[in-house]
Amino acid sequence: MEALHEELPFDLDFHPSSPLVVTSLITGELCIFRYGPESQPERLVSVKAHKESCRAVRFVDSGKVILSGSADCSVLASDVESGKAIARLQDAHENAINRLVCLTESTIATGDDDGCIKVWDTRERACCNSFDVHDDYISDMTYVADSNQILATSGDGTLSVNSLRRNKVRSRSEFSEDELLSLVVMKNGKKVVCGTPSGALLLYSWGYFKDCSDRFLGHTQSVDTMLKLDEETLVSGSSDGVIRLVGILPNRIIQPLAEHSEYPIEALAFSNDKKYLGSISHDKMLKVTILSHSHCWCAHTLVWDLEELLNGPQVVNGDKPADDSDDDSDDDAMDVDMAATSSKGSRSKKAGKGQSSSRPASDFFADL
């Protein structure tokens, strides 16, 4: 089965309990697919959700609602079954929204093209925290529940740690001389790994965020997206179109998992049971086959059987598994509440993701 996305997708997310995956497109559309090991993926819903590009999408409310963030500065809540709009925050940010993450059952965070992060309380239907720490677009965010903090990377080349409990910026790294595109927290919270356009992975020790403690140069091209598989390994998506399994401390490319044509990997996501790995790229065709026979979704949106990928030998684009000679020798001291430092420059905002505007914020989730 083949299904054509008319335009480029920016993000995807899996339903927390059902075999559904949603993608968001540059046209502002949302597309919902049903997938399964014994059946062909089926497009269930395709709706125009935003006037401009839809850059971020997440399932919330136990999978009953889809939240999406757009370059039109709005956040929309849509019904999963019908795709119809439930509630819209028309002016969530003054600039285009680039990232959206779920924090708890009642809170989400959004990041925009100007480096602003906002936290929304769905019960109070308003913004409850705001962090103006970065000077360029928010490229990625992750929530650390144990310390109730949001970690964010930016096009200004810095990593920030933002405390929701204190409503303050706890720490900000020095300028890394390159944009930071993606991040994951590894080693039971002791390490933060960031991807860069050069292909280097920067490792920061928790509590010592001023400068990275290690660099891993295993990727030849930009590392645009990453997922944590476990505390020792992550899955990376690179601009060379290859999805790789990567070990952290010791740092090594364990094996290439799959090749998403020659196109850059835009985003990755796990299914709720981590049986499937989803990826989106810059091609526009959705192809669906059973992975045990060949590949799975090998075009615009891909869903891979993760267990099959991890167990089977893979060699893609000439990559070879690296040796295990590197040791976990990082002994950086802790420097917990260090003051934020200004960045040394501002990088260009993410290209091709729509226009921004300047409008006041208002309440949200009034109809949820």
Side-chain angles (χ1 to χ4, degrees), residues 10-13 24 50 52-58 60 67-77 89-104 107-122 126-145 148-164 167-173 176 179-185 192 194-196 209 224-227 266-269 340 343 346-359 361 364:
F10 281 145
D11 201 10
L12 81 163
D13 193 36
S24 61
H50 296 273
E52 299 181 36
S53 60
C54 185
R55 302 182 182 180
V57 64
R58 292 292 182 271
V60 297
L67 288 185
S68 53
S70 171
D72 63 15
C73 303
S74 71
V75 177
L76 174 67
L89 175 56
Q90 192 65 44
D91 303 299
H93 284 252
E94 294 182 358
N95 294 275
I97 296 172
N98 198 51
R99 299 295 297 174
L100 187 155
V101 295
C102 299
L103 308 182
T104 67
T107 55
I108 63 168
T110 51
D112 68 22
D113 267 359
D114 201 43
C116 177
I117 299 170
K118 290 187 177 182
V119 179
W120 304 92
D121 189 327
T122 61
C127 177
C128 55
N129 299 80
S130 182
F131 305 97
D132 294 306
V133 58
H134 291 287
D135 302 319
D136 210 330
Y137 70 93
I138 301 298
S139 57
D140 203 1
M141 294 188 293
T142 190
Y143 176 59
V144 182
N148 200 22
Q149 296 181 120
I150 297 173
L151 273 63
T153 52
S154 171
D156 64 14
T158 64
L159 165 71
S160 68
V161 182
N162 307 279
S163 172
L164 297 177
N167 195 23
K168 63 177 290 187
V169 179
R170 291 290 303 271
S171 182
R172 185 183 179 190
S173 71
S176 65
E179 298 179 33
L180 300 183
L181 303 178
S182 51
L183 82 156
V184 290
V185 180
V192 179
C194 299
T196 67
F209 295 106
D224 299 324
T225 180
M226 297 187 297
L227 293 175
E266 185 73 23
L268 297 170
S343 86
S346 178
R347 299 293 190 182
S348 61
K349 293 182 175 65
K350 212 161 192 175
K353 290 207 169 183
Q355 303 297 320
S356 62
S357 62
S358 297
R359 289 173 284 201
F364 187 41

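- In terms of modelled atom types and a separation under 3.5 Å, the side chain of Asn98 and the main chain of Ile138 share a donor-acceptor contact.
- How far CG of Asp156 is from CD of Glu179: 9.0 Å, rounded to the nearest 0.5 Å.
- Val119 is listed as a side-chain neighbour of Leu164, based on a closest heavy-atom distance under 4.5 Å.
- Between His93 and Thr110, the closest side-chain pair of non-hydrogen atoms falls below 4.5 Å.
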Exercise for the section: Just do the side-chain contact (heavy atoms from CB on, under 4.5 Å) check on Leu183 and Leu159 with the steps written out, would you? Expected result: CA-CA 9 Å; Leu183 82 156; Leu159 165 71; 4.0 Å; yes

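- Distance alone, capped at 3.5 Å, places no donor-acceptor pair between the Ser68 side chain and the Val57 backbone.
- Side chain of Asp114 to main chain of Cys116: no donor-acceptor pair is present (N/O by atom type, distance under 3.5 Å, no hydrogens or angles).
- Smallest separation of non-hydrogen atoms from Phe131 and Ser163: CZ-O, 3.5 Å.
- Side chains of Ser160 and Arg172: no donor on one and acceptor on the other come within 3.5 Å.
- Counted by atom type alone, Thr225 and Ser182 present zero donor-acceptor pairs between their side chains at under 3.5 Å.
- Of the residues listed (Arg58, Arg55, Arg99), the one engaging Asp11 in a side chain to side chain donor-acceptor pair (under 3.5 Å) is Arg58, and it is the only one.
- In this structure, OG on Ser130 lies 9.0 Å from CD1 on Ile117, to the nearest 0.5 angstrom.
- Contact between Leu100 and Gly69 at its shortest, heavy atoms only, is CD1-N, 4.0 Å.
- Looking only at distances, a side-chain donor or acceptor of Ser139 sits under 3.5 Å from a matching main-chain atom of Thr153.
- Of all non-hydrogen atoms in Gly115 and Asp112, the two that sit nearest each other are N-OD1, 3.0 Å.
- Inspection of the Gln149 and Tyr143 side chains reveals no N or O donor paired with an N or O acceptor under 3.5 Å.
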Handout entry: Step-by-step side-chain contact (heavy atoms from CB on, under 4.5 Å) determination, Val101 to Ile108
Key = CA-CA 6 Å; Val101 295; Ile108 63 168; over 6 Å; no

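- The closest donor-acceptor contact from the side chain of Thr158 to the backbone of Ser173 lies at 3.5 Å or more, if one exists at all.
- Here the closest non-hydrogen pair linking Ala71 and Glu52 is O-OE1, 3.5 Å.
- Checking side-chain atoms of Asp113 against main-chain N and O of Asn95 turns up no donor-acceptor pair under 3.5 Å.
- Of the residues listed (Leu103, Val161, Val144, Thr142), the one engaging Ile150 in a side-chain contact (heavy atoms from CB on, under 4.5 Å) is Leu103, and it is the only one.
- At least one donor-acceptor pair under 3.5 Å links the side chain of Lys118 to the backbone N or O of Ala92.
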Problem - Audit row: Thr107, Trp120, side chain to side chain donor-acceptor pair (under 3.5 Å) steps and yes/no - result: CA-CA 5 Å; Thr107 55; Trp120 304 92; over 6 Å; no

